[in-house]
Amino acid sequence: MSRHVVVIGAGVVGAASAIEALQDGHRVTLVDPAEPGGEAAASYGNAGWLSSHSVLPPTEPGLWKKVPRFLLNPLGPLTIRWAYLPRAAPWLLRYLAAGWTTARVETTARALRALLEDAPRLHQALAEKAGVTQLIERRGVLHIYPSRANFEAEANAWRIRRMMGVQWEELNADALHQREPDLHARYQFGIAVDEAGSCRDPGAYVAALVAHAQARGAQLVRDQANGFRIEGGRLKAVTTGGGDIPCDAAVIAAGVRSKLLAARAGDRVPLGAERGYHAVIDQPEAGPRTAMMASDCKAVATPTSTGLRIAGQVEIAAVDAAPNWRRAEILRDHLLSLFPRLPRDIPAHRLRYWMGCRPSMPDGLPCIGYANASRDIIHAFGHGHIGLGGAARTARVVAQLLSDRAPEIPLGPYAPGRFA
Ligand SMILES: Cc1cc2nc3c(=O)[nH]c(=O)nc-3n(C[C@H](O)[C@H](O)[C@H](O)COP(=O)(O)OP(=O)(O)OC[C@H]3O[C@@H](n4cnc5c(N)ncnc54)[C@H](O)[C@@H]3O)c2cc1C
């Protein structure tokens, strides 16, 4: 059954969903007011990790004890705009609750593993279709620690990863520095996760996916979707600023802006923003050979085709609040400290900063499934920290739901109504 599907949002989730829907023989219209692959989307500025092993929710048992220390540290990885706290409080409480017990974390890990397993291979297949295989690296990723004891302090997280089938190699100081000669000597221990991968330019990747969808017949409409026309439980049109787009089905993939659209499709979802930042150094004198997460600064350094990127930070603030570029400068300083051969006085024209919003559900799991108001509308948003990696399988599942086929992974954990 071929349908006319309107995909709302051309970030990585929407772009990949468009390709999978076309593959299934549907007609596709992509709607987005912004340039696909551009800076407005979280998909542009992320760390580029395709981390099939990122199965833990952002919170963990006992995290609440560390929160005051994080918040009091002006250089720390977590910050809250205090004026926003009353609005964020219900979301924050659920966020902390999601990691309250090890049992809860294990349940989430099982669901995330199903979504993320094979992410690098699935992305490579998408990149092949779009003719940009050079953007997907399948060389693994590293976690680096000052000492083995720091790694052991995360033993519970790694135990859960092992339970989920993740394997890794331990690197002593020699092995680590042989692989990463530019890395600061204070890092004495590493973990190499070979099954993971990375993207060399997430913005260019999304732009290429959208261009490929267009080459296969998808129409791109530069407009903002604002709701649905539903009659007798069947979707008749997606409404936009420029008028109605008649269609048989729709996919909500508008990232952090999906909440209102989801409500208009009958689902009240506690979608929030975990704002993050990146800093990029153009033509770096030194840097990592492999994308790496530094455990002490909770940031990821990734070699990209547009420079050396470091991404991270969680800032709880309104989606539209002005960026606090101090957070990006903190990341830049981490980069300088990770790689001592980088000059201390990098001129401003070689530095770029960016802020974007992770579309985050408080339990660390996206919403994927049919909407309450009509099975013609499919939710595909809320991927938080793992949306780049998770987009490829999400898109396959979206196509399966559009074609009324059984989804390839159980969708219970992602039910949009789970907080109702
Ligand atoms: C600092 C940082 C680092 C990250 N690192 C990683 C990482 O290493 N690996 C990983 O897997 N994930 C990472 N993420 C998360 C990842 O970037 C996101 O989860 C993912 O990009 C979300 O994709 P999306 O398509 O759902 O949303 P987006 O990329 O935000 O795209 C949503 C699109 O919808 C459009 N839109 C909004 N409203 C409307 C509307 N009403 N009508 C039509 N269109 C609309 C927007 O213009 C936008 O183009 C990181 C995020 C941040 C901020």
Side-chain angles (χ1 to χ4, degrees), residues 6-18 29-52 54 58 77 112 115-116 119-120 123 141 196-199 202-203 205-207 209-210 220-227 238-242 245 250-262 264 271 273-279 291 293 298-302 304 309-315 319 327-328 331 354-361 366-368 379-392 394-395:
V6 172
V7 178
I8 302 172
V12 68
V13 175
S17 297
T29 300
L30 263 164
V31 181
D32 198 314
E35 181 69 25
E39 295 191 16
S43 300
Y44 168 86
N46 55 61
W49 265 28
L50 304 172
S51 43
S52 41
S54 286
L112 285 178
L115 188 70
L116 293 170
H123 279 285
V141 298
S198 59
C199 178
Y205 179 48
V206 172
L209 294 182
V210 172
L220 175 65
V221 174
R222 293 288 295 276
D223 206 338
Q224 186 167 320
N226 49 36
V238 167
T239 61
T240 75
I245 305 178
V251 179
I252 302 178
V256 78
R257 310 267 178 194
S258 300
K259 187 173 173 161
L260 187 63
L261 290 161
R264 297 204 164 138
L271 180 68
E274 287 180 272
R275 293 159 41 119
Y277 290 81
H278 83 208
M293 154 80 84
K298 306 241 175 297
V300 171
T302 309
T304 76
R309 177 179 292 191
I310 183 163
Q313 294 274 318
V314 169
E315 183 185 47
V319 171
R327 309 309 305 176
L331 289 170
W354 170 87
M355 188 282 292
C357 293
R358 299 178 187 88
S360 296
M361 296 295 289
C367 288
I368 308 171
H379 296 298
F381 60 82
H383 292 71
H385 292 244
I386 50 92
L388 178 67
T394 300

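For clarity, every value in this text was computed on a predicted model and none was experimentally measured. Just follow the structure's listing: the first ligand is 1, and inside any ligand the first atom is 1. Along the sequence shown, residues carry numbers from 1.
- A distance of 7.5 Å separates CH2 of W354 from CZ of R309, quoted to the nearest 0.5 Å.
- In summary, the atoms of ligand 1 found under 4.0 Å from a heavy atom of A34, numbered by their order in the structure, are 47 (O).
- For the residues A42, G14, A225, the heavy atom positioned nearest atom 42 (N) of ligand 1 is part of A225.
- A heavy-atom distance below 4.5 Å is not found between the side chains of C199 and H123.
- Heavy-atom proximity to P33, at under 4.0 Å, picks out these atoms of ligand 1: 43 (C), 44 (N), 45 (C).
- The heavy atom nearest to atom 27 (O) of ligand 1, out of those in A380, G255, C357, G387, is found in G255.
- Each of the atoms 10 (C), 11 (O), 12 (N) of ligand 1 lies under 4.0 Å from some heavy atom of I386.
- Checking only distances, Q224 never comes within under 3.5 Å of ligand 1, N or O to N or O.
- Atom numbering of ligand 1 starts at 1 in the shown order; those under 4.0 Å from a heavy atom of G48 are 7 (C), 8 (O).
- The shortest contact between atom 31 (O) of ligand 1 and any protein heavy atom is with G11 CA, 3.4 Å.
- Annotation: side chain of Y44 is not in contact with side chain of E35 (no heavy-atom distance under 4.5 Å).
- Using modelled atom types, one finds a donor on one side chain and an acceptor on the other under 3.5 Å when comparing H383 with T394.
- The protein heavy atom nearest to atom 22 (C) of ligand 1 is P359 CG, 3.9 Å.
- Residue-ligand proximity, V12 to ligand 1, at heavy-atom distances under 4.0 Å covers atoms 23 (O), 25 (O).
- Taking atom 39 (C) of ligand 1 as the reference point, the nearest protein heavy-atom neighbour is A254 CB, 3.8 Å.
- You'll find the side chain of P36 reaches within 4.5 Å of the side chain of L220, heavy atoms only.
- The distance from ligand 1 to the heavy atoms of Y277 drops below 4.0 Å at these ligand atoms: 1 (C).
- Considering both main-chain and side-chain atoms, W354 never comes within under 3.5 Å of ligand 1 through any nitrogen or oxygen pair.
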(request) Under the salt bridge (charged side-chain N to carboxylate O under 4.0 Å, His left out) rule, what do E274 and R358 come out as? Steps first, then yes or no, please. (result) CA-CA 5 Å; E274 287 180 272; R358 299 178 187 88; 5.2 Å; no
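- Scanning the protein heavy atoms around atom 4 (C) of ligand 1, the nearest turns out to be N46 CB, 3.1 Å.
- Looking at A41 against ligand 1, both its backbone and its side chain come within 4.0 Å, counting heavy atoms.
- Separating the OG atom in S360 from the CZ atom in R275 is a distance of 12.5 Å, to the nearest 0.5 Å.
- Here CZ of R222 is found 13.5 Å from OG1 of T240. Values are rounded to the nearest 0.5 Å.
- In terms of protein heavy-atom proximity, atom 23 (O) of ligand 1 is nearest to S43 OG, 3.3 Å.
- Checking E274, R257, M293 against atom 37 (C) of ligand 1, the nearest heavy atom belongs to R257.
- Every atom of ligand 1 with a heavy atom of D32 under 4.0 Å away is listed here by number and element: 33 (C), 34 (O), 35 (C), 43 (C), 44 (N), 46 (C), 47 (O), 48 (C), 49 (O).
- How far CG of L115 is from OG of S54: 11.5 Å, rounded to the nearest 0.5 Å.
- Geometrically, ligand 1 and G276 share no nitrogen or oxygen pair separated by less than 3.5 Å.
- Here the options are V12, V206, V13, the test is side chain to side chain contact (heavy atoms under 4.5 Å, CB included), and the partner is L388; only V12 passes.
- Scanning the protein heavy atoms around atom 7 (C) of ligand 1, the nearest turns out to be W49 N, 3.6 Å.
- Expressed to the nearest 0.5 Å, how far CD1 of I8 lies from CG of L261 amounts to 5.0 Å.
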(message) I'd like to know whether D223 forms a side chain to side chain contact (heavy atoms under 4.5 Å, CB included) with I245, so could you lay out the CA-CA distance, the side-chain angles of the two residues, the decisive distance to 0.1 Å, and finally the verdict.
(response) CA-CA 11 Å; D223 206 338; I245 305 178; over 6 Å; no
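- The protein non-hydrogen atom at the shortest distance from atom 12 (N) of ligand 1 is H385 O, 3.0 Å.
- For atom 15 (C) of ligand 1, the nearest non-hydrogen atom of the protein is G384 O, 3.0 Å.
- Side chains of L331 and Q313 form a contact here, defined as non-hydrogen atoms less than 4.5 Å apart.
- Put simply, part of V31 is less than 4.0 Å from ligand 1, judged by heavy atoms.
- On a distance-only criterion, L388 and ligand 1 share at least one N/O pair closer than 3.5 Å.
- Rounded to the nearest 0.5 Å, atoms CG (L271) and SG (C367) are 7.5 Å apart.
- An N or O contact shorter than 3.5 Å links A47 to ligand 1 by distance.
- Listed by number with element, the atoms of ligand 1 under 4.0 angstrom from any heavy atom of G389 are 10 (C), 11 (O).
- Closest non-hydrogen pair, P120 versus G197, comes out as CG-N, 3.6 Å.
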